Amino acid sequence: MEKKWWDASVVYQIYPRSFQDSNGDGIGDLKGIISRLDYLEKLGIDVIWLSPVYKSPNEDNGYDVADYQQIMPEFGTMQEMEELIKKSAQRGIKVVMDLVVNHTSDEHAWFVEAKKSKDNPYRDFYIWRDPVAGHEPNDLKAGFDGGSAWEFDEATGQYYLHFFSKKQPDLNWENKKVRDAVYEMMNFWIDKGIAGFRMDVIDMIGKKPDEKIIVNGPHLHDYLKEMHAKTFGKKDLLTVGEAWSANEHEALKYTKPENKELNMVFQLFFSQLDQFPDKDKFFTKKLNIAGIKELFNRWQMALNDKSCNALVLENHDLPRTVSQFGDETTYRIESAKMLAIMLYMLKGLPYIYQGQEIGMTNHRVTSVDQIDDLESINFYQKVIASGQLTKQEALDCINKKGRDNARTPMQWDDSLYGGFSTKKPWLAINPNYQTINVKEALEDENSIFYTYQKLIRLRKEKPAVVYGDYHLVLDVDPEVYAYTRTYQGQTLLVVANLTKQTKELSLPKYGLQTALLSNYAQGVIDLSHKVLKPYEAFVIEIK
Ligand code: TEU
Ligand code: CA
């Protein structure tokens, strides 16, 4: 594959509301981010993906945009945004923006206009349908609450479509004017010097609501090719799509370079390994950890040298992985490091979500009024109203899978409010901030932070991490993930015990080796007979 500027990079996702408050209002902001650039530089990341900072009424914390070309006043000003881009660049860090164009806020000027009358010039920016026999046009359901995806507008007597909250009306991508307006807005940001876009629910823009097609609509890939041609295609930008529906074959349609669409899509199926196929994500079953290996291996094989994997385990929608896939108590440090080694040595571009690098954990709430996330609140109300769950059972589900788990404030130190703010934060900080925080991590040379730092460095030092061929090591336990990366005569062997149990490993052909990186103190490792400790993981350069 053609070489790209980001080949050896690592992306760090910032959820601005929860990263760093600079003015004592309990809400993270742009100045706060600027004040932490030294920290990000020390970690070694190359790119920031900024979750939405645009003007928004915050129905869905910025994923409901009221103006794409203005900054949310709580976060700062356009001048501060430009300063963030500039000061990041001075440290060799680029900024990728979140592009939320499946829908806008109902407070966006386009929708305010569209609602005025059926013949308003902006009416067709959104998706309106007449009632059918006095009811919704069909039974399409909205994502967040499972209610109808159609909302009736009294004034004009029609329904509009919203796949998320009713305050997030879906844009009508069939309308060329919509597409052109979006491209113009993207070019506005490209001209400001941003390095790319993360595209929110991009698999939905080709929807055909009358045929009840939501994802992978017939023109989805036409729109992306058009977007490529009219915006970033002329520049050397990084584009990553959020496409929950994309299996590894669909992923290639978006990402094969010759298709001229996106560079990569997130692979997010791992987050569903503890879910039931046809139930709400909040109802969980026992996790089959071997599924992690099966899934990542399958994507590595499928994309291989055809396109790029986006290596991700955490984001602002998912639980903390040390809680979901590791062990947040006895082996928090070991399991957090194992997950990092297992994932970031794979072939692809790594994404780190704020706090992942210090092993932040899920946060337990004890009553519904402590929850901010719309999706969790809707779930709670639904299962309580139907009598399906008790309040405690509903909270247990939310504590496991709810989105607030990842959205609690960043834990910088052990002072009141964790160094995030001087005022009570918008969302409570996890009480474990007194022991799990950046200050503590930086002072401890064995901390999770330094494992991340080393992994990031290895990418720059060993071309095999970036370009090496991937091979699964066969004949090992299903719960041990072992693979090699080979490039120009250099072979790296990665071994990760995905469990709390000890595991036997026998790879006689490699014999005695020493580790480049490990989550336990290691002397010489005898690979012909090795007993792996709980969550043990290491990287070896085969000699
Ligand atoms: O998420 C897409 C999405 O479908 C989410 O509802 C996701 O399925 C769920 O949160 C998984 O737990 C994107 C954004 O990442 C999310 O924050 C937004 O709320 C959503 O789009 C709407 O913009
Ligand atoms: Ca603030």
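Model, not experiment: these values are computed from the prediction. Ligands are counted one by one from 1 in listed order, and the atoms in each one are counted from 1 as well.
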Q: Hey, mind stepping through N172 and Y126 against side-chain contact (heavy atoms from CB on, under 4.5 Å) and telling me if it holds?
A: CA-CA 5 Å; N172 176 17; Y126 296 87; 5.6 Å; no
Q: Leaving waters out, which protein N, O or S atoms fall under 3.0 Å from the Ca ion (ligand 2)?
A: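 The answer is D21 OD1, N23 OD1, D25 OD1, I27 O, D29 OD2.
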Q: Any luck finding a side-chain donor-acceptor pair between Q356 and Y452 under 3.5 Å?
A: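 On atom types as modelled, these side chains qualify, holding a pair under 3.5 Å.
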Q: Mind listing the closest non-hydrogen atom pair of D21 and I27 along with its distance?
A: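 For D21 and I27, the tightest heavy-atom pair comes out as OD1-O, 3.0 Å.
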Q: Answer yes if the ring centres of H108 and F125 are under 6.0 angstrom apart, and no otherwise.
A: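 Judged by ring-centre distance (under 6.0 Å), H108 and F125 do not meet the cut-off.
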Q: Taking ring pair (Phe, Tyr, Trp, His ring centres under 6.0 Å) as the definition, give me every residue that meets it alongside F276, ordered by chain and number, with sequence neighbours left out.
A: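 In terms of ring pair (Phe, Tyr, Trp, His ring centres under 6.0 Å), with neighbours along the sequence ignored, F276 is linked to no residue.
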Q: So which pairs with a foot in residues 195-222 pass ring-ring contact (aromatic ring centres under 6.0 Å, His included), sequence neighbours left out?
A: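 Every pair satisfying ring-ring contact (aromatic ring centres under 6.0 Å, His included) with a residue in residues 195-222: H221-Y254.
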Q: Name the residues with a heavy atom less than 4.0 Å from ligand 1?
A: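 For ligand 1, the contacting residues are D60, Y63, H103, F144, F164, R198, D200, V201, E242, W244, K281, H316, D317, E375, R403, R407.
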Q: Tell me if the centroids of the rings in W412 and F19 come within less than 6.0 Å of each other.
A: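 That pair passes the under 6.0 Å test.
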Q: Quick check, are the ring centers of Y223 and H228 under 6.0 angstrom apart?
A: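 Between H228 and Y223, which both carry aromatic rings, the centre distance is not below 6.0 Å.
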Q: Regarding W49 and D98, is there a side-chain donor-to-acceptor distance under 3.5 Å anywhere?
A: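 Checked: W49/D98 side chains pair up, N/O donor to acceptor below 3.5 Å.
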